[in-house]
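Scroll down for the structure; my scribbles are underneath it.
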Amino acid sequence: MEKTFQPADIETRWYQEWESKGYFAPQGGDQAYCIMIPPPNVTGSLHMGHGFQEAIMDALIRYHRMAGFNTLWQVGTDHAGIATQMVVERQLEAQGASRQALGRDQFVDKVWEWKAQSGGTITEQLRRLGSSMDWSRERFTMDPGLSEAVQEVFIRLYREGLIYRGQRLVNWDPALHTAISDLEVVSEEEQGKLWHFRYPLSNGEGHLTVATTRPETMLGDTAVAVHPEDGRYAHLVGQTIDLPLTDRKIPIIADDYVDREFGTGCVKITPAHDFNDYEMGQRHQLEMINILDDNAAINNNAPEAYRGLDRFVARERVVADLDSLGLLEKIEDHTLKVPRGDRSGVVIEPYLTPQWYVDAKTLAQPAIAAVEQGDIQFVPKQWENTYFAWMRDIQDWCISRQLWWGHRIPAWYDEAGKVYVGASEAAVREEHGLGDDLVLRQDADVLDTWFSSALWTFSTLGWPEETPELATFHPSSVLVTGFDIIFFWVARMIMMTLHFRKEVPFHTVYVHGLVRDVEGQKMSKSKGNVLDPIDLIDGIQLEPLIEKRTAGMMQPQLAKRIEKSTRKQFPNGIEPYGTDALRFTYFSLASTGRDIKFDIGRIEGFRNFCNKIWNAARYVLMNTEGEDCGQQDGGDLALSLADRWIIGRLQETEAAVADAVAQYRFDLASQALYEFIWNEYCDWYLELSKPVLWDENASPGAKRATRRTLIRVLEAWLRLLHPFMPFITEEIWQTVAPLAGKAGPTIMLQPYPEADLSAIDKAANADIEWLKNVIIGVRNIRGEMNIPPGRELTVLLKNGSDADKSRLEQNATFLKKLAKLADIGWVEPDEETPLSATALVGELEILVPMAGLIDKEAELARLAREIEKTEQDLARVEGKLSNASFVDRAPPEVVSKEREKAAALEQALGKLREQVERIQTM
RNA sequence: AGGACUAUAGCUCAGUUGGUUAGAGCGCUACCUUGACAUGGUAGAGGUCCCCAGUUCGAAUCUGGGUAGUCCUACCA
């Protein structure tokens, strides 16, 4: 074995081995365990959030696979309608072509080509993370089977009246030329203006002043509204206004939506271009005048002067024209929320178009009930509130998109505009008895990507066929996802699955936090703070990293800043840390209910942990290979104290890990493993094994027992660790297993360690605790007194109990070795002792004679510190005990515990003071 | 506007049902290449548990009120 762990050497080798041997496929017991991957964008690439999420899923999957479950991790990718179409359109643009010039069929072919070309990136990256998904079952949302499921769902919902077509206001993206759902609109506060206009009354008796943030919409105004109880305007209700710049008269109406306090208390109403106005228009049967075209330029419904102008040009023109008419009262600065498309970034317009909708209110009812009843549980639970809040006020879901890439809507229209929904044109004709002479035209739109994602848990398993996989693995066990897609995806999956399967899609939703950079900023391309998980695994030089972070920047000054901060943060680039270290870092940060700040220092620490594991294994192998490790039962076995102790601690660790995983506390699991492996197995157990293995006088039974324990405990914790660090554990296990009497082609399919609580040896724990304390006592003196580590000491023990005496007898060799002692022995309580530095373990005194070694003043100073600390502790405890109500009212066991503490402290204090006196008088 | 979450060592974070000497990793200080590991070992320093009040014998932990930060939802023209 190499002296240091080299992850690159082993990772790809093992992954290929696992995949090619089919280890990821379901196999195992009657109980199924299934996780559906949140399908990443097929043409996307891996980011830190994926890395985190996949690591968690893989740990759960490997854990349950080893625990004997019939385990499926369903993998697949999403066609990501808008995102993918945009990428391909940009590529066409760069070549001077366009989607329109190409035509629909050819364009869609192009997208498929792009998918074929770049679709392997993300799946290759998932493999680099060690994710053990079943690639033989990989699905894509536009596979024939999944498309069939989409069509089936659409048709059935339509027939049930739960999908309908309607003309109403939608969020229109003027850049992408498509409707988008409410969820795809992000509103940010921006600086804007509030324009105040005078609208003249038709009767010539003055005007009303209205305010707007979007002046151009006044061209489509069809009313002015005031509050019904607003005394200032009550007499005007029913009269009309001469709408400036147009030749229209519009009514003054009363509606209690109007806020009397805001502005003048008069609101211009544009039902075709504002969601609130739309509703008011419905209430008052107002005319709806659409003044925009698909590009959000002014259309022919507006006065001629404005036709063809872009909305923002028209805005300036309207303001200028009103101003010249003397109707512009004032302009104020105003911060407002501007709605923008999450993909295009352009300002969204409420726009009147025919679209398809899902009746979400109806579907939401059972979906709410499922969570209320606990059929689905969120972890952490507080996300249920978020879910309820949204579901109880859910709006109908606009599912049609004016795109070409996606599932085309299975609806056909005749020339009269009558709609027929069915699986194909032929099916529609047959069903409705339509003659061949009747021309049918398929709906041009495709479905929202999330429509197909909503079916993911069952469409991937073969639905609408009743497949064996569906029967076995549905509902799935747990969904691992970020809170950002609870509405987009989780809620919709629950609705669709309950409707079509009459069962939940999953029993648990584990909601993890967002991965942020070290300063808590969201990672984003434009901030240039993105970390690529693959770069953390393989490492990257500074220059390529800068290149990567600044590539394709629109603004050169941004690139400069990014380069500077990157140089500062990673002056030497990023070292290769390996997948295991990266994964372990994720786990250690994965406490529930908070985002994680990714600190490069942590991953370095866990890389070191990998190295520690590697070297611990080297040590064990050096001492066991070619030796009798008691593989065959029989032969003398004389377990040492340390052997019994570490076996018990292993059980406790196994229990802790199982407990942590059951609660999705990967941070606690990783911590328990780290602590056991490094602080107990390596720091203490390996050291305690040396005196046995290197002692020529030790019995063969003792040596055999120690070798056996060394190798078996190692073998067990490799399995225990495997779901979290798959590669290093597999690599080491291959060599270790036979020596531990285990056989098998892979650690992946070995049984997961289960705690045997009867093997926990409380007495051994206490004895080891004593041993550690004595050693630490001596080391402390050595360290603080600057005694060279190589210098062997003679130590005297005093005032020991019978237990201390027998403990010393049994452990003298260990003490000598670990504390570097030439000799250790007892002195009687009244016996004269040389002047010594002392440490206390309970009542036992450890004496290190000072002659020639220890400076008198230094020891006095050390004792003074010790005394001060002890005095403080004692004062606190005595304070409690002198409080009558504490003694009266606290539980007796708490009180007696405090009393014992006080006694022990008092005694220790006495001894320390005695010691000070002795040193001073010498 | 409503809601959620967060605040503990210089940094990143644990801390179970109230009773600990408030912990870990990184960083820091000193010493050490001892036959697994310097990606290491040993010892050590470092905390007003955000603030105020309350409940309690006892609060990092429970309650109320503040402060600061992050996020979500809905929005007034």
Side-chain angles (χ1 to χ4, degrees), chain A residues 1 3-5 187 194 210-214 217 225 257-259 261-270 274-277 334 336-337 380 382-383 385-386 389-390 393 483-484 486-487 513-514 516 518 520 522 575 577 581 588-589 591 593-602 604-623 659 663 665 667-668 671 674-675 678-679 682-683 686-687 690 694 776 779-790 820 869-870 872-873 876-877 880 883-891 893-895 897-898 901 905:
Chain A
M1 280 173 89
K3 202 170 167 185
T4 53
F5 172 55
S187 293
L194 190 60
V210 298
T212 180
T213 54
R214 297 187 297 153
T217 61
Y257 158 78
V258 178
D259 179 356
E261 310 301 320
F262 189 90
T264 57
C266 302
V267 191
K268 61 187 276 303
I269 302 299
T270 322
D274 182 282
F275 287 100
N276 288 312
D277 294 4
H334 184 69
L336 70 164
K337 293 271 192 164
Q382 80 242 16
W383 290 109
N385 292 329
T386 309
W390 191 67
D393 187 35
F483 61 85
D484 48 333
I486 289 180
F487 306 143
L514 216 61
R516 299 169 174 280
V518 69
K522 221 166 172 169
E575 281 181 64
Y577 296 111
S588 72
L589 295 169
S591 59
R594 69 193 294 165
D595 288 349
I596 66 177
K597 290 191 209 175
F598 195 87
D599 180 7
I600 203 92
R602 298 283 299 229
E604 194 169 327
F606 292 121
R607 188 268 318 263
N608 296 352
F609 181 46
C610 289
N611 195 55
K612 190 75 183 178
I613 290 167
W614 187 256
N615 278 290
R618 280 180 65 212
Y619 167 81
V620 173
L621 289 170
M622 283 164 79
N623 285 286
D659 197 43
Q663 296 172 69
R665 288 299 303 268
D667 58 330
L668 298 183
Q671 202 190 335
Y674 185 97
E675 196 178 303
W678 197 319
N679 302 68
C682 292
D683 285 353
L686 293 189
E687 294 307 320
K690 290 173 184 175
W694 298 348
I776 288 169
R779 282 177 180 171
N780 175 286
I781 292 169
R782 196 191 276 278
E784 299 231 342
M785 296 301 116
N786 275 331
I787 301 172
K820 268 251 169 192
K869 211 154 83 183
T870 312
Q872 280 170 3
D873 288 351
R876 195 173 34 76
V877 175
K880 269 192 193 178
N883 180 346
S885 50
F886 170 73
V887 179
D888 290 348
R889 310 181 73 158
E893 62 271 20
V894 174
V895 177
K897 212 170 115 191
E898 291 297 317
K901 223 189 275 175
L905 286 168

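Letters A, B, ... are given to chains in the order of the sequence lines, protein chains preceding strands, and every chain is numbered from 1. In what follows, every heavy atom counts, from backbone to side chain, and hydrogens, waters and symmetry copies are set aside.
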* Write down the atom of A:Met1, the atom of A:Ala617, and the distance for their closest heavy-atom approach. => CE-CB, 4.2 Å

* To do: Please work out if A:Arg214 contacts a base, only the sugar-phosphate, or nothing of the nucleic acid, heavy-atom cut-off 4.0 Å.
  => nothing

* Atom P, compared across B:G25 and B:A14: separation rounded to whole Å -> 16 Å

* Asked: Can a side chain N or O of A:Asn623 be found less than 4.0 Å away from OP1 or OP2 on B:A36?
  -> no

* Asked: For atom C1', what is the distance between B:U21 and B:G64, given to the nearest Å?
  -> 32 Å

* A:Ser591, nearest nucleotide to its side chain (from B:A77, B:A14, B:C31) -> B:A14

* Asked: What about A:Lys612, does its side chain sit under 3.5 Å from the base of B:C37 through a donor-acceptor pair?
  -> yes

* Asked: For B:A1, which nucleotide in any strand shown is its Watson-Crick or wobble partner with both distances under 3.5 Å?
  -> B:U73

* To do: Name the pairing partner of B:U48, where a pair is Watson-Crick or G-U wobble with both distances under 3.5 Å, or state none.
  => none

* **Integer-rounded Å distance: B:G40 P and A:Arg607 CZ** => 8 Å

* Considering just the side-chain nitrogens and oxygens of A:Lys597, establish if one lies under 4.0 Å of OP1 or OP2 belonging to B:U70. => no

Nucleotides 16-27 of chain B: which of its N/O atoms have a protein N/O under 3.5 Å away?
from: B:U20; atom 1: OP1; to: A:Lys880; atom 2: NZ; distance (Å): 3.4
from: B:U21; atom 1: OP1; to: A:Lys901; atom 2: NZ; distance (Å): 3.2
from: B:U21; atom 1: OP2; to: A:Lys901; atom 2: NZ; distance (Å): 2.8

* Hey, can you tell me if A:Phe487 and A:Trp390 have their rings parallel, tilted or perpendicular (30° and 60° cut-offs)? => parallel

* Touch check for A:Asp683, heavy atoms < 4.0 angstrom, all strands: base, sugar-phosphate only, or nothing? -> sugar-phosphate

* Asked: Should B:G27 form a Watson-Crick or G-U wobble pair with both distances under 3.5 Å, which nucleotide is its partner?
  -> none

* Base, sugar-phosphate, or nothing: which does A:Trp390 touch, judged by heavy atoms less than 4.0 Å apart? -> nothing

* Take atom OH of A:Tyr619 and atom P of B:G41, then tell me their distance rounded to the nearest Å. => 15 Å

* Asked: How far apart are the closest heavy atoms of A:Gly265 and A:Val258, and which atoms are they?
  -> O-CG1, 3.4 Å

* Respond yes when some side-chain nitrogen or oxygen of A:Asn786 is under 4.0 Å from OP1 or OP2 of B:A30, and no when none is. => no

* **Smallest separation among heavy atoms of A:Ile596 and A:Leu589, with atom names** => CG2-O, 2.9 Å

* Out of curiosity, A:Tyr674 OH to A:Ile613 CD1, how far, rounded to the nearest 0.5 Å? -> 9.5 Å

* Paired with B:U67 by Watson-Crick or G-U wobble geometry, both distances under 3.5 Å: which nucleotide is it? -> B:A7

* **Euclidean distance, atom CG of residue A:Asp277 to atom P of B:C75 [Å, nearest integer]** => 13 Å

* If you find the nucleotide of RNA chain B closest to A:Phe483 and the one closest to A:Asn615, which residue's nucleotide is nearer the 5' end? -> A:Asn615

* Structure fact -> Taken to the nearest 0.5 Å, the spacing of A:Arg618 CZ from A:Asn615 CG works out to 5.0 Å

* State the pairing partner of B:U21; accept Watson-Crick or G-U wobble contacts with both distances under 3.5 Å, and report none otherwise. => none

* **Nearest non-hydrogen partners of A:Val877 and A:Glu898, listed with the distance** => CG1-O, 3.3 Å

* Asked: Once you round it to whole Å, what is the distance between C1' of B:U6 and CD1 of A:Ile596?
  -> 15 Å

* Using the P atoms only, state how far B:A9 lies from B:U48, rounded to an integer number of Å. => 9 Å

* To do: Answer with base, sugar-phosphate or nothing: what part of the nucleic acid does A:Glu687 contact at a heavy-atom distance below 4.0 Å?
  => base

* Among B:A77, B:A14, B:A36, the one nearest A:Thr212 by side-chain distance -> B:A77

* To do: Measure across A:Lys3 and A:Trp614 and return the closest heavy-atom pair with its distance rounded to 0.1 Å.
  => O-CD1, 4.2 Å

* With both distances under 3.5 Å as the test, what is the Watson-Crick or G-U wobble partner of B:G35? -> none

* **Side chain of A:Phe262 - closest among B:U39, B:A77, B:U42** => B:A77

* To do: Provide, to the nearest angstrom, the distance between the OH atom belonging to A:Tyr257 and the P atom belonging to B:A74.
  => 15 Å

* Structure fact -> Judged by nearest nucleotide, the residue sitting upstream toward the 5' end of RNA chain B, A:Asp259 or A:Lys690, is A:Lys690

* Asked: Taking the C1' atom of each, how far is B:C51 from B:A45, in whole Å?
  -> 28 Å

* Distance between the C1' atoms of B:U12 and B:U56, in whole angstroms? -> 34 Å

* Would you mind classifying the nucleic acid contact of A:Asp484 as base, sugar-phosphate or nothing, using non-hydrogen atoms under 4.0 angstrom? => nothing

* To do: Output yes when at least one side-chain N/O atom of A:His334 is less than 4.0 Å from OP1 or OP2 of B:A77, else no.
  => yes

* Asked: If you look at every strand shown and take non-hydrogen atoms under 4.0 Å, does A:Leu589 touch a base, only sugar-phosphate, or nothing?
  -> sugar-phosphate

* Asked: What is the nucleic acid contact for A:Cys682, judged by heavy atoms within less than 4.0 Å: base, sugar-phosphate only, or nothing?
  -> base

* Asked: Say you pick atom P in B:C28 and the same atom in B:A7; how far apart are they, in whole Å?
  -> 27 Å

* Asked: For B:A14, what is the paired nucleotide under Watson-Crick or G-U wobble rules, both distances under 3.5 Å?
  -> none

* Minimal non-hydrogen separation, A:Trp678 against A:Lys612, with atom names -> NE1-CE, 3.5 Å

* **Atom-to-atom span, CZ of A:Arg782 to C1' of B:A30 - whole angstrom** => 15 Å

* Can you tell me the distance, in whole Å, between the CG atom of A:Asn883 and the P atom of B:A59? => 11 Å

* What is the nucleic acid contact for A:Ala389, judged by heavy atoms within less than 4.0 Å: base, sugar-phosphate only, or nothing? -> nothing

* Asked: Whole Å only: how far is the CZ atom of A:Phe487 from the P atom of B:A74?
  -> 8 Å

* What interatomic distance, in whole Å, is found between C1' of B:U61 and the corresponding atom of B:C50? -> 15 Å

* For the pair A:Asp274 and A:Arg214, evaluate side-chain contact (heavy atoms from CB on, under 4.5 Å) and give the outcome as yes or no after the intermediate values. => CA-CA 10 Å; A:Asp274 182 282; A:Arg214 297 187 297 153; 3.7 Å; yes

* Asked: Which part of the nucleic acid, if any, lies within reach of A:Arg779 when heavy atoms closer than 4.0 Å are counted: base, sugar-phosphate only, or nothing?
  -> sugar-phosphate

* Which part of the nucleic acid does A:Leu668 contact within heavy-atom distance under 4.0 Å: base, sugar-phosphate only, or nothing? -> sugar-phosphate

* More than 12 heavy atoms of other groups within 6.0 Å of A:Glu893 CD -> yes

* To do: Can you tell me, in whole Å, how much space there is between the P of B:C5 and that of B:G65?
  => 14 Å

